[in-house]
Protein chains: 2
Amino acid sequence: MSGLSVGRQKPTLDTVAAEAGVSRATVSRVINGSPRVSPEVKTAVETAITRLGYVPNRAARSLAMRRTDSIALVMREPDATVLADPYLGNIIIATSQALVGTGVQLVLVNAQNDAEHSRLADYVRSGHVDGVLLASMHDDDPLPRLLLEAGIPTVVGGRPQRHLPGLSYVDVDNVGGAQMATEHLLASGRRRIATIAGPQDMTAGADRLGGYRRALADAGRKADRVAYGDFTRESGEQAMAALLSRHPDLDGVFAANDLMAVGALRALRAAGRTVPDDVAVVGYDDIEMARHTEPPLTTIHQPIIDQARTMTELLLTQIGGDPVGDPVVLPTELVERGSA
Amino acid sequence: MSGLSVGRQKPTLDTVAAEAGVSRATVSRVINGSPRVSPEVKTAVETAITRLGYVPNRAARSLAMRRTDSIALVMREPDATVLADPYLGNIIIATSQALVGTGVQLVLVNAQNDAEHSRLADYVRSGHVDGVLLASMHDDDPLPRLLLEAGIPTVVGGRPQRHLPGLSYVDVDNVGGAQMATEHLLASGRRRIATIAGPQDMTAGADRLGGYRRALADAGRKADRVAYGDFTRESGEQAMAALLSRHPDLDGVFAANDLMAVGALRALRAAGRTVPDDVAVVGYDDIEMARHTEPPLTTIHQPIIDQARTMTELLLTQIGGDPVGDPVVLPTELVERGSA
DNA sequence: TTCGAACGTGAGAGCGCTCTCATGAACGCC
DNA sequence: GGCGTTCATGAGAGCGCTCTCACGTTCGAA
C-alpha cells in the first residue's frame with residue numbers, strides 16, 4: 001500500500017485490465033462484486049488492483065451511474081449565535097457517524113443567505129448529492145418546497161411550521177417532553193409552577209409551551225405563570241426575575257431550554273431563593289453545561305443522535321426508491337439531577 | 001425558475017446548445033466565463049440556460065477537469081467524548097463558513113478506526129476531493145504522512161507531535177496563551193500560582209504547561225505547583241483538591257482548559273475558598289460555559305474561527321498549486337471575566 | 001490590395017467508468 | 001450427435017463535460 005512511486009500516473013480501469021490480462025468490463029465486474037466472474041480471473045484482477053494501488057475514480061463512476069453516494073446536510077445561517085449552541089455541531093457529528101459503513105459521504109452546505117439559497121437549489125440539482133438533510137431551518141424557509149418540487153429526496157430535522165404533504169421530517173417530541181418536565185415538578189409536590197417559554201414563532205418554542213399547558217390542564221390547574229425568552233441565558237435570567245416579581249409564591253419553573261434555565265438559576269440565586277428547596281427548576285435540551293451547574297440541572301434529554309440517525313436512515317431509504325414515509329417523532333427522556 | 005415541469009429529462013449542454021442554436025463548446029465557454037464569446041451569443045446562451053433551468057453536472061465536470069472543487073474535513077474518532085467538547089463542532093462550522101463564496105464544497109469524513117483509516121486514504125485518492133483538512137488528530141496518526149506521500153494537499157489543525165517536513169499546519173499559540181494567563185495572575189498580585197495541566201502526550205497539554213513554566217521562570221519564580229488532569233471537569237476537580245492539600249497557601253490557578261477550570265471552581269467552593277478573592281482562576285478555551293459559571297471564568301480565547309479560516313485558505317492556495325507555506329501559529333487573547 | 005494576426009465558433013477527442021449486447025465455449029438433453 | 005442453454009468474457013456505446021485544434025471572418029498593417 002505504501003511503496004507506490006509518487007507522481008506516477010494514477011492507474012485506471014484499463015491499466016488494471018491490461019495488468020490482469022482481461023477486459024475493462026471484467027475488472028468492473030470484480031470491483032462491483034458481480035457473481036458472473038470465474039474465481040481465477042477474480043483473484044488475478046484483485047492482485048492486479050493491489051499491485052497497482054488502484055482506486056476507482058468517483059467522478060467517473062457518478063457520471064456513469066447517475067448516482068453520487070453522497071448526501072448534503074444543509075444548515076441555514078449558522079452564525080455566531082448558533083455556534084454558541086452545540087445542537088448543530090451535534091447533529092453534524094451524529095449524522096456523520098450514522099453514515100459510517102454505508103459508503104455514503106456527507107457534504108456540508110451553508111445556506112448563508114437568500115442569494116446562496118437559490119445557488120443551493122442549483123447545487124443540489126447539479127446532481128452532486130443524492131439527497132438532502134435539512135437542519136436548523138427557518139420557519140419561512142422556501143427550501144423544502146423547492147427541493148420537494150425538484151423531486152430531490154429530502155428529510156427535515158424538526159417539525160416544519162407549515163406541513164408539506166410528501167415532506168418527511170423527524171422531530172423530537174417537544175410537547176411530550178415539556179409535559180414530562182412539568183409533570184415531574186407536579187409529582188415532586190410543586191403546585192405553583194411557572195414556565196419560561198421560548199419564541200412562539202419557532203415550533204420548538206410553541207410546542208414546549210403547549211406541553212407545559214397540557215400537563216397543568218391534565219392536573220386541573222391553571223397554566224398562567226408564563227414569561228417569554230429567546231433561548232439565551234440572559235433572557236432566561238430576565239424572565240425569571242419577572243416571574244418572581246409577578247408570582248412571588250412560585251415553587252417550580254420549567255424553562256424551555258437549558259440556557260434559559262441557567263439564567264433562571266442565576267436569577268433565583270440573586271433573589272435569595274435556593275434550588276431546589278424553594279424553587280425547583282427543570283430545563284430542556286440536556287446540553288453539556290447542564291451537568292456542571294450548581295446544582296446540576298434536571299432537564300429533558302433530546303435524542304439528537306437518534307434524530308440524526310433516523311433522518312439519515314429515512315433519507316437513504318428514500319434515495320433507494322422507497323416511498324416517503326410518515327414523519328417520525330422521537331421520545332424524550334427526563335434526566336434527574338439536582339435542580340428538581 | 002419554478003415552473004419547470006417535474007420529471008422532465010434534465011437538460012445537458014447539448015440541450016442548451018440546441019436551444020441557443022450554437023455548439024456545445026460555445027455554451028461551455030459562456031458557462032466558464034471565457035472572454036472569447038460575442039455578446040449576442042452570450043446572451044442567447046444565457047437565456048437558453050435560464051429557460052431550460054440548466055445546471056451543469058458536477059460529476060461530468062470533475063471528470064473532465066480532474067478537479068472536484070471540494071475538500072474533506074477529516075475528524076478522527078468523534079465519539080461521545082468529543083461530542084461534549086464543542087471544539088470540533090465549531091471547527092466544522094467555521095470551516096464551512098470560510099468556504100462560503102469560494103464555490104468549494106466541504107465533505108465531512110469520519111476516520112472512525114484504523115480500518116476506516118485506510119479506506120479514507122483510498123477515498124481521498126479516489127479523487128473525490130482536492131485536498132484534506134485534518135482536525136482532531138491523534139498523536140500517532142499515520143494519516144498526515146500517508147497523505148503527504150500521496151501528494152495530496154493537506155493542512156493539519158494543531159501542531160502535530162512529530163514534525164513532518166512539507167506538512168503545513170495551523171496551530172494556536174498554546175505556549176503564549178498559557179504564559180499570558182499565568183502573567184495575568186502574576187499581574188494581579190498572585191504569588192503562589194498553581195496549574196492544572198492537561199495530558200502531556202498531547203501537544204496542547206504539553207505546550208500549555210510550558211507556557212505556565214515560562215511565565216513563572218520569567219518572573220523569577222518556581223513553577224512547582226503542578227497537578228495533572230485529562231481535560232475533563234472531574235479531573236479538574238480532583239486536581240484542584242490535590243493542589244489544595246499539597247499547597248494550602250496557593251492563591252492562583254491556571255487550568256489548561258475551561259472544563260477543568262469549572263471543576264476547580266467547584267473544588268474551591270467545596271473547600272470554602274472564594275473566587276477570586278482567596279484564589280484566582282484562569283481557564284483556557286473560552287467555551288460557552290465559561291460565560292455562565294459563578295463567577296464567570298476569566299480565560300484564554302482560542303481563535304477557532306480564525307484557525308479554521310486560515311487552514312482553509314492555506315489548503316486552497318496549496319490546491320491552487322502554490323508551494324507549501326510555513327506553519328502558522330495564531331495568537332490567543334485573554335478574556336477577563338470575574339474569576340481572576 | 002494582400003497578408004497575417006486576432007478572434008469567434010464548431011468538431012471531436014477524451015476524462016474513467018458502467019452496462020448492454022454479442023460471442024463463443026461448455027454443458028445437458030432427447 | 002445436434003440443439004438449446006447457461007455462463008464467462010469482450011467490444012463498444014454512452015454518461016455530460018472540457019479543451020485542443022481547425023476553420024472561416026474580420027481587421028489593421030504593409
Side-chain angles (χ1 to χ4, degrees), chain A residues 8-46 48-49 52-70 103 122-130, chain B residues 8-46 48-49 52-70 103 122-130:
Chain A
R8 168 72 140 299
Q9 193 64 10
K10 283 218 303 194
T12 72
L13 258 198
D14 278 305
T15 326
V16 177
E19 173 86 12
V22 296
S23 77
R24 200 172 59 240
T26 301
V27 178
S28 178
R29 287 192 190 94
V30 172
I31 289 173
N32 295 296
S34 160
R36 5 195 97 253
V37 181
S38 70
E40 313 87 64
V41 171
K42 185 167 179 229
T43 54
V45 169
E46 279 165 350
I49 286 177
L52 294 170
Y54 169 75
V55 180
N57 178 309
R58 261 182 106 103
R61 188 189 287 235
S62 296
L63 184 56
M65 309 237 296
R66 288 100 173 290
R67 215 189 45 194
T68 63
D69 285 329
S70 57
D122 282 355
Y123 171 72
V124 170
R125 291 183 44 235
S126 81
H128 197 219
V129 293
D130 298 334
Chain B
R8 167 75 140 299
Q9 193 65 9
K10 284 220 301 196
T12 71
L13 259 200
D14 278 306
T15 326
V16 177
E19 173 85 12
V22 296
S23 78
R24 199 171 61 238
T26 300
V27 179
S28 178
R29 287 192 190 95
V30 171
I31 289 172
N32 294 297
S34 160
R36 4 193 100 253
V37 180
S38 70
E40 311 86 64
V41 170
K42 186 169 180 227
T43 53
V45 169
E46 279 165 351
I49 286 177
L52 293 170
Y54 168 75
V55 179
N57 178 309
R58 260 182 106 102
R61 187 190 286 236
S62 295
L63 183 56
M65 309 237 297
R66 287 99 174 290
R67 216 189 44 195
T68 62
D69 285 328
S70 57
D122 282 355
Y123 170 72
V124 170
R125 291 182 45 236
S126 81
H128 198 218
V129 293
D130 298 333

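Numbered from 1 within each chain, the chains take letters A, B, ... in sequence-line order. FYI, side chains are in, hydrogens and waters are out, and symmetry mates aren't considered; it's all heavy atoms of this structure.
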Please tell me if N32(B) has a side-chain N or O lying less than 4.0 Å from either OP1 or OP2 of dT18(D). yes

Among dC17(C), dA8(D), dG16(D), which nucleotide sits nearest the side chain of N57(A)? dC17(C)

Is the shortest side-chain N/O distance from T26(A) to OP1 or OP2 of dT9(D) below 4.0 Å? no

Send over the distance from R24(A) CZ to dG16(C) P, rounded to a whole Å. 11 Å

So if I take every side-chain heavy atom of S23(A) and compare against dT18(D), dG10(D), dG16(C), which nucleotide ends up nearest? dG10(D)

Let me spell it out: for each of V22(B) and A60(B), pick the nucleotide of DNA chain C with the closest heavy atom. Which residue's pick is nearer the 5' end? V22(B)

Using atom CD of E40(B) as one end and atom P of dC7(C) as the other, report the distance to the nearest whole Å. 16 Å

Check the phosphate of dC15(C) against S62(B), side-chain N and O only, distance under 4.0 Å to OP1 or OP2. Yes or no? no

Specify the separation, in whole Å, of atom NZ of K10(A) and atom P of dG14(C). 20 Å

Side-chain heavy atoms of R29(B) within contact of V22(B), under 4.5 Å: no

With no hydrogens and no angle check, is any side-chain donor or acceptor of S70(A) less than 3.5 Å from a backbone partner on H128(A)? yes

Counting only side-chain nitrogens and oxygens, does S28(B) get under 4.0 Å of the OP1 or OP2 atom of dC19(D)? no

For the base of dT9(C), is there a side-chain donor-acceptor partner from R36(B) under 3.5 Å away? no

Give a yes or no answer on whether the side chain of S28(B) reaches the backbone of R24(B) with a donor-acceptor pair at less than 3.5 Å. no

4.5 Å side-chain heavy-atom contact, L13(B) and I31(B): yes

Donor-acceptor pair present, R66(A) side chain and dG14(D) base, under 3.5 Å: no

Atom pair distance, as rounded to whole Å: CD1 in I49(A) and C1' in dC17(C): 13 Å

Any donor-acceptor pair under 3.5 Å between the side chain of R29(A) and the base of dG10(D)? yes

Pick the closest DNA chain C nucleotide for R58(A) and for G21(B) by heavy atoms, then say which residue is nearer the 5' end. G21(B)

Provide, to the nearest angstrom, the distance between the NZ atom belonging to K42(A) and the P atom belonging to dT9(D). 12 Å

Using whole Å, report how far CG of L63(B) lies from P of dT18(C). 12 Å

Would you mind reading off the distance between D69(A) atom CG and dC17(C) atom P, rounded to a whole angstrom? 15 Å

Has T12(A) got a side-chain N or O lying under 4.0 Å from the OP1 or OP2 atom of dG16(C)? no

Taking dC17(C), dG16(D), dA8(D) as options, the one with an atom nearest any side-chain atom of P56(A) is dC17(C)

Sugar-phosphate, base or nothing in reach of D14(B), heavy atoms under 4.0 Å: nothing

Do D130(A) side-chain atoms and T68(A) backbone N/O form a donor-acceptor pair below 3.5 Å? yes

Is any side-chain heavy atom of N32(B) closer than 4.5 Å to one of M65(B)? no

Looking at the side chain of M65(B), which of dC15(D), dC17(D), dC19(D) is the nearest nucleotide? dC19(D)

Between dG16(C) (P) and Y54(A) (OH): distance, integer Å: 10 Å

For R61(A) and dT18(C), is the shortest distance between a side-chain N/O and OP1 or OP2 below 4.0 Å? yes

